[in-house]
Amino acid sequence: MLDKKYNHIEVEQGKYEKWYKKGYFEAGDLSKKPFTIVIPPPNVTGKLHLGHAWDTTLQDIIIRYKRMDGYDALWLPGMDHAGIATQAKVDAKLRENGINPRDMKREEWLKHAWEWKEEYAKNIRDQWAKLGLSLDYTKERFTLDEGLSYAVKHVFVELYKKGSIYRGERIINWDPVQMTALSNEEVIYREEKGAFYHIKYFVENSDEYLEVATTRPETLFGDTAVAVNPNDERYKHLIGKKVVLPIVNKLIPIIGDEHADPEFGTGVVKITPAHDPNDFEVGNRHNLKRVVIMNPDGTMNENTGIYKGMDRFECRQKLVEDLKKQNLLIKIEEIIHSVGHSERSDAIVEPYLSKQWFVKMRPLADRVLEVQKNKDQKVNFVPERFEKILKHWMEITYDWCISRQLWWGHRIPAWYKGDEIYVGYEAPKEDGWVQDEDVLDTWFSSALWPFSTLGWPEKTNLLKRYYPNDVLVTGYDIIPFWVCRMVFQGLEFLDERPFRDCLIHGLIRDKQGRKMSKSLGNGVDPMEVIDKYGADALRFFLATNSAPGQDLRYDEDKVKATWNFINKLWNASRFVMMNLEDYTPTKIKVEELSSSDKWILDKQNKIIKLVRKHMEQYEFNVVGAELYHFIWNDFCDWYIEFAKINMTNQTKNVLVYVLKNILKMLHPFMPFVTEEIYQKLPNSDESIMISEYPKWNEEYEFSYDVNNINNIIEIITKIRNVKSETNISAKFLLVNNLDDNYQFLINDNREIFEKLLKCTIVDEIESDMNKIDVPLTYGSVIIGYKGIHEKLDIEKLKQEKQKLIDSINRREKLLANQGFINNAPEHIINEEKRKLEEEKSALKNIGEKLKG
RNA sequence: GGACGAUUAGCUCAGUUGGUCAGAGUGCUACGUUGACAUCGUAGAGGUCACUGGUUCAAGUCCAGUAUCGUCCACCA
């Protein structure tokens, strides 16, 4: 027997370990059709947040559903080494302990990083367990493990051979704190206060000067030209002459280039090819020298004279003062502009000339765009609109900077000897080759995740069976970084999309609608929610409270409401079990069932069909609403009440059968409590996890009985309604009106009416009684009562009457409209007619009430 | 500047291809505790579906435009 109250802590205790030990999470039954999801690998940098809980819950729901529905369901777990993020954390930890990570040898530092990884990986696994995720740990992978590292090397070598990977000097986004290059996606732009410094660049041997405006004056040390638009009448005559570079007093040319926009600022641009991507291009067009003026840590280098060694911002300040002194500064114009920050260190990113490795994107991206045109080969986004993000990125794509000046990651498989480069799996045999110090961008390995985890590039059985994956689940914020890259790498190396469907969800926001973030401190720890309300409540809340692709506001009250729902389920189950003492389980015999038994079987049958349909479409909010309504309103409010009155052995069969199906349909959403209850019901399988998902059953369609019960429900509801409105609190009579359509129904179900309405049924009204006629769809019933009741609210009745008159007029007009009659489908027209009749009858009734 | 999303009951959100679609949860009001559940039951109140046009017999639903909020991208010498 169950306790009176649902206790999520007791219920969730120990179940996960049992499932795990029994091997239920493991895929590999070759007799079944495979179904695959690989988890988006969380970073080994910390705790899982609510977003992870949401993302993984959705996946667990899909995988548990498919497993119960007869698939060999593989959900492959794993984690991401998360290069910059993890390195930053490990460094911070070392510094806390008074160790400067830069003083360490690479090997020594890596030891610390691996220790960190082990610790955090364990935390993450513990959190997965608390969430109840049915992951196949026998196939768990890590982006830096041996197999995946080999896959990474293979991809690098192959792309290099094809000429799709090259090494070159480019302007990249440089993080002076982490001292590494960043990809464009790792730069976050924020609107900030800044200034335009207007500086005089005097024309050689002249009093004339050009007014140059810049936000980064300190870069002038790297200026190798000043550009004006060749069509700009103001400056045309100066092209080919030279200006004096302020402070440095060096001569640099004035060039004509389209890059200079006459409309913008002064129309004059200083050109710093080593510190600005546009200037780099201009420099290439005009064969300008590239002068790097900073060190990797953001201090000024030997090309800046007396400013050498200053931090870039200190230098800026000093330089501006000096310009002012020399009367070279015209003005400082305060502006708001967007400034790039490193996603991880938050340092202001410096565009910086540096030698890096790149992936040539155009051919890879074109392949994606091509495949997305073919409906059998494309990745199907759910909701569809997110495909646009993929396409957009593949259209605007630029070459991908993949080298990072870090230690934590896959070391680039390239060796140098003088000007020679060797790219391969192993170091060349001869002496003198030195391996590239850098590692690859984390996303370079994540991009291979759907197949590297299955053993690729080896032609493993796993790969053959589980690639392509069936669905990938992730947030829309990660489409550019990850989804895009998996798609082009999958197409490039496996010649096939990495996954058939891509289910996209939104972001979690706080109750005020703000993004959850560390800086706001508004993050919610899913583990705390689980402690308070249970994983089942959290999961159901996460999965059912938003439409696909929409953001989700975290609202504790809703989690609480979900807990209440589970408690309701718990108590309904408790009721069922209380009635099973003298129960003999048998097969359900249709011929022995009552109308209400058939009614609930029919209802459930329809729900099963609906739930399956929406499960397939990943519309979990709809599934949640359907199940909620079915359980609370149909099963608890009506069927259990009917069952109390007529508790036959067959009814017990039905109670158990329906409850088990309810539990099975809820199981993917709330695995723990459904298992707990299921185990306590007679003739259950070893675990609900491996039981069969409910199927629609053609034997359980009972339209006649459904009608009957629906009529009974209507009578009861409408009488309750009148009773409540008129405040008849004493016992009253339901008169069985012999002339009425409902006569037999009432006669046959006397006990139901008497119990649920707390009334007595009589055949004739007593002479000293008042009576009220209760209108129903196909007639009416009469209730009689002794004594007085509160007067009917005349004002309210009048309002209702007016509403009815308006509605009747509207409907009559509609039905008189030839266009409507000709065009609308028949069932709509009939429905309108029916409603019209109903309203007319109700109007008549109100008229009588008002008279009385 | 471009793209996308949101705008529906006090609050948080659902509303598939136009017609049982104006809904749910929560909150609020009234009544109700003799065995599944007061973390409950029964009943009730509430919304010109942001605004303006258009298409249609028929528009939260489709089209065009406007407003507000949010997100992403691009630009920013």
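Here is the naming used below: chain letters follow the sequence lines, and residue numbers restart at 1 for every chain.
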Novice: Would you classify A:A213 as touching base, sugar-phosphate or nothing, given that sugar-phosphate means primed atoms plus P, OP1 and OP2, and contacts are heavy atoms under 4.0 Å?
Specialist: sugar-phosphate
Novice: Looking for any heavy atom pair under 4.0 Å, which part of the strands does A:Y189 touch: base, sugar-phosphate only, or nothing?
Specialist: base
Novice: Report the distance from atom CD1 of A:I566 to atom P of B:A36, rounded to the nearest whole Å.
Specialist: 22 Å
Novice: Taking atom C1' in both B:C69 and B:C51, compute the distance separating them and give it to the nearest angstrom.
Specialist: 15 Å
Novice: Which is it for B:G60, anti or syn, if anything within 90° of zero counts as syn?
Specialist: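 In terms of base orientation relative to the sugar, B:G60 is syn.
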Novice: Rounded to whole Å, how long is the line connecting atom NZ of A:K511 with atom C1' of B:C13?
Specialist: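 Going from NZ in A:K511 over to C1' in B:C13 covers 13 Å.
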Novice: Rounding to an integer number of angstrom, what distance separates B:G2 and B:A14 when you compare their C1' atoms?
Specialist: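 That atom pair is separated by 31 Å.
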Novice: Atom CZ of A:F541 and atom P of B:C13: how far apart are they, to the nearest Å?
Specialist: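 Atom-to-atom, A:F541 to B:C13, this comes out as 10 Å.
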Novice: A:A625 near the nucleic acid: base, sugar-phosphate alone, or nothing, with a heavy-atom cut-off under 4.0 Å?
Specialist: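 Here A:A625 touches no strand at all.
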Novice: So what does A:N817 touch, heavy atoms closer than 4.0 Å: a base, only the sugar-phosphate, or nothing?
Specialist: sugar-phosphate
Novice: Side chain of A:I640 only, please: which of B:A36, B:U16, B:C73 is the nearest?
Specialist: B:A36
Novice: Please measure how far the C1' atom in B:G25 lies from the corresponding atom in B:G46, and state the result in whole Å.
Specialist: 15 Å
Novice: Using whole Å, what does the distance between atom P of nucleotide B:A43 and atom CG of A:L756 come to?
Specialist: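 After rounding, the gap between these two atoms is 11 Å.
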Novice: For B:C40, take OP1 and OP2 only and decide whether either is under 4.0 Å from a side-chain N or O of A:N564.
Specialist: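 Looking at the OP1 and OP2 atoms of B:C40, one of them is under 4.0 Å from a side-chain N or O of A:N564.
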Novice: Tell me whether the OP1 or OP2 atom of B:G41 has a side-chain N or O from A:W632 closer than 4.0 Å.
Specialist: yes
Novice: Are there more than 12 heavy atoms of other residues, nucleotides or ligands under 6.0 Å from atom CD of A:Q512?
Specialist: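 Atom CD in A:Q512 is crowded, with more than 12 foreign heavy atoms closer than 6.0 Å.
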Novice: When you get a sec, tell me which of B:G19, B:G35, B:G15 is the closest nucleotide to the side chain of A:I828?
Specialist: B:G19
Novice: Say you pick atom P in B:C11 and the same atom in B:G19; how far apart are they, in whole Å?
Specialist: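 B:C11 and B:G19 have their P atoms separated by 27 Å.
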Novice: For the side chain of A:S338, starting at C-beta, report the closest nucleotide among B:A14, B:A36, B:C76.
Specialist: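 The listed nucleotide nearest to A:S338's side chain is B:C76.
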Novice: Is the A:F565 ring parallel, tilted or perpendicular to the A:F540 ring (thresholds 30°, 60°)?
Specialist: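 Taking A:F540 first and then A:F565, their aromatic rings sit tilted (interplane angle of 30° to 60°).
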Novice: Check the phosphate of B:C13 against A:R553, side-chain N and O only, distance under 4.0 Å to OP1 or OP2. Yes or no?
Specialist: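 Checking A:R553 against B:C13: at least one side-chain N or O falls below 4.0 Å of OP1 or OP2.
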Novice: Side-chain N or O of A:N621 versus OP1/OP2 of B:C13: is the shortest distance under 4.0 Å?
Specialist: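 For A:N621, the contact criterion (side-chain N or O under 4.0 Å from OP1 or OP2 of B:C13) is not met.
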Novice: Could you tell me which non-hydrogen atom of A:P217 sits nearest to which non-hydrogen atom of A:I199, and how far apart they are?
Specialist: CB-CD1, 4.1 Å
Novice: Atom NE2 of A:H629 to atom P of B:G25: distance rounded to whole Å?
Specialist: 8 Å
Novice: What I want to check is whether an N or O donor and acceptor connect the side chain of A:R509 with the base of B:U12 at under 3.5 Å.
Specialist: no
Novice: Testing the 3.5 Å rule here: is there a donor-acceptor pair between the side chains of A:R574 and A:N579?
Specialist: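 Judged by distance alone, the side chains do not pair up.
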Novice: Distance alone, cut at 3.5 Å: any donor-acceptor contact between the side chains of A:T272 and A:D223?
Specialist: yes
Novice: If you look at every strand shown and take non-hydrogen atoms under 4.0 Å, does A:T717 touch a base, only sugar-phosphate, or nothing?
Specialist: sugar-phosphate
Novice: Do A:F264 and the base of B:A77 stack face to face, with centres under 5.5 Å apart and an angle between planes under 30°?
Specialist: yes
Novice: Once you round to the nearest 0.5 Å, how far does NE2 of A:H198 lie from CD of A:E333?
Specialist: 4.0 Å
Novice: Would you indicate which nucleotide in B:A77, B:C57, B:U42 comes nearest to any side-chain atom of A:H337?
Specialist: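 So the nucleotide nearest the side chain must be B:A77.
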Novice: Between B:C63 and B:G5, how far apart are the two P atoms, rounded to whole Å?
Specialist: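 These two P atoms come out 11 Å apart once rounded.
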Novice: Out of B:A77, B:U20, B:A43, which has the shortest distance to the side chain of A:T215?
Specialist: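 Of the candidates, B:A77 comes closest.
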Novice: State, without any angle test, whether A:H614 and A:E626 hold a side-chain donor-acceptor pair at a distance under 3.5 Å.
Specialist: no
Novice: Which one, B:U71, B:A74, B:C57, comes nearest to the side chain of A:K515?
Specialist: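 Selected nucleotide (nearest to the side chain): B:U71.
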Novice: Given that A:L814 and A:R216 both sit by RNA chain B, which one's nearest nucleotide is further toward the 5' end?
Specialist: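 The residue whose closest nucleotide sits nearer the 5' end is A:L814.
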Novice: Do we get A:R485 above A:W400's six-membered ring, with its NZ or CZ under 6.0 Å from the centre and within 45° of the axis?
Specialist: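 Satisfied, under 6.0 Å and within 45°.
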Novice: Charged N to carboxylate O under 4.0 angstrom, A:E616 versus A:R612?
Specialist: no
Novice: Between B:U20 and B:C49, how far apart are the two P atoms, rounded to whole Å?
Specialist: 16 Å
Novice: If you measure from the C1' atom in B:A64 to the same atom in B:U71, how many Å do you get, rounded?
Specialist: 24 Å
Novice: Just N and O in the side chain of A:N278: are any of them under 4.0 Å from OP1 or OP2 of B:C76?
Specialist: yes
Novice: Of all the choices, B:C57, B:A36, B:A6, which nucleotide is nearest to the side chain of A:R574 once you look at every atom?
Specialist: B:A36
Novice: Measure from the side chain of A:W393, starting at C-beta and using heavy atoms only, and say which of B:U16, B:A77, B:C73 lies closest.
Specialist: B:C73
Novice: Taking all non-hydrogen atoms of both residues into account, name the closest pair between A:L655 and A:A643 and its distance.
Specialist: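 Where A:L655 meets A:A643 most closely, the heavy atoms are CD1-CB, 4.3 Å.
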Novice: Of all the nucleotides listed (B:A77, B:U12, B:A43), which has the minimum atom distance to the side chain of A:F196?
Specialist: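 For A:F196, the side-chain atoms sit closest to B:A77.
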Novice: To the nearest angstrom, how far is A:E384 atom CD from B:U16 atom P?
Specialist: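 That distance rounds to 15 Å.
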Novice: Suppose we call a contact any N or O donor and acceptor under 3.5 Å apart; does that hold for the side chain of A:K558 and the base of B:U12?
Specialist: yes
Novice: Using Watson-Crick or G-U wobble geometry with both distances below 3.5 Å, tell me the partner of B:A38, or none.
Specialist: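 Its partner: none found.
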Novice: Considering heavy-atom distances to RNA chain B, does A:N823 or A:R385 have its closest nucleotide positioned more toward the 5' end?
Specialist: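 Residue closer to the 5' terminus by nearest nucleotide: A:R385.
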Novice: Any donor-acceptor pair, under 3.5 Å, between the side chain of A:S724 and the base of B:C31, if you only look at N and O atoms?
Specialist: no
Novice: Please report the distance separating the C1' of B:G70 from the corresponding atom of B:A77, rounded so that it comes out in whole Å.
Specialist: 31 Å
Novice: At under 4.0 Å between heavy atoms, what does A:P480 touch on the DNA or RNA strands: base, sugar-phosphate, or nothing?
Specialist: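 Since no nucleic acid heavy atom lies under 4.0 Å of A:P480, the category is nothing.
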Novice: Atom CG of A:D551 and atom C1' of B:C69: how far apart are they, to the nearest Å?
Specialist: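 Interatomic distance, CG of A:D551 to C1' of B:C69: 13 Å.
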Novice: May I ask you to say what A:E641 touches in the nucleic acid, namely base, sugar-phosphate or nothing, with a heavy-atom cut-off under 4.0 Å?
Specialist: base
Novice: Base of B:C4, side chain of A:K388 - is there a donor-acceptor contact under 3.5 Å?
Specialist: no
Novice: How many whole angstroms separate atom CG of A:D279 from atom C1' of B:C76?
Specialist: 13 Å
Novice: Does OP1 or OP2 of B:C73 have a side-chain N or O of A:Y476 closer than 4.0 Å?
Specialist: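 No, outside the criterion.
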Novice: Look at the side-chain N and O atoms of A:K568 and state whether any lies under 4.0 Å from the OP1 or OP2 oxygen of B:G41.
Specialist: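 Yes, A:K568 has a side-chain N/O under 4.0 Å of OP1/OP2 on B:G41.
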Novice: What's the closest nucleotide to the A:T214 side chain, out of B:C37, B:C73, B:A77?
Specialist: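 Nucleotide nearest to A:T214's side chain: B:A77.
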Novice: Looking at every strand, decide which applies to A:D477 at a 4.0 Å heavy-atom threshold: base, sugar-phosphate, or nothing.
Specialist: nothing
Novice: Over all strands shown, is A:Q818 touching base, sugar-phosphate only, or nothing at heavy-atom distances under 4.0 angstrom?
Specialist: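 Here A:Q818 touches no strand at all.
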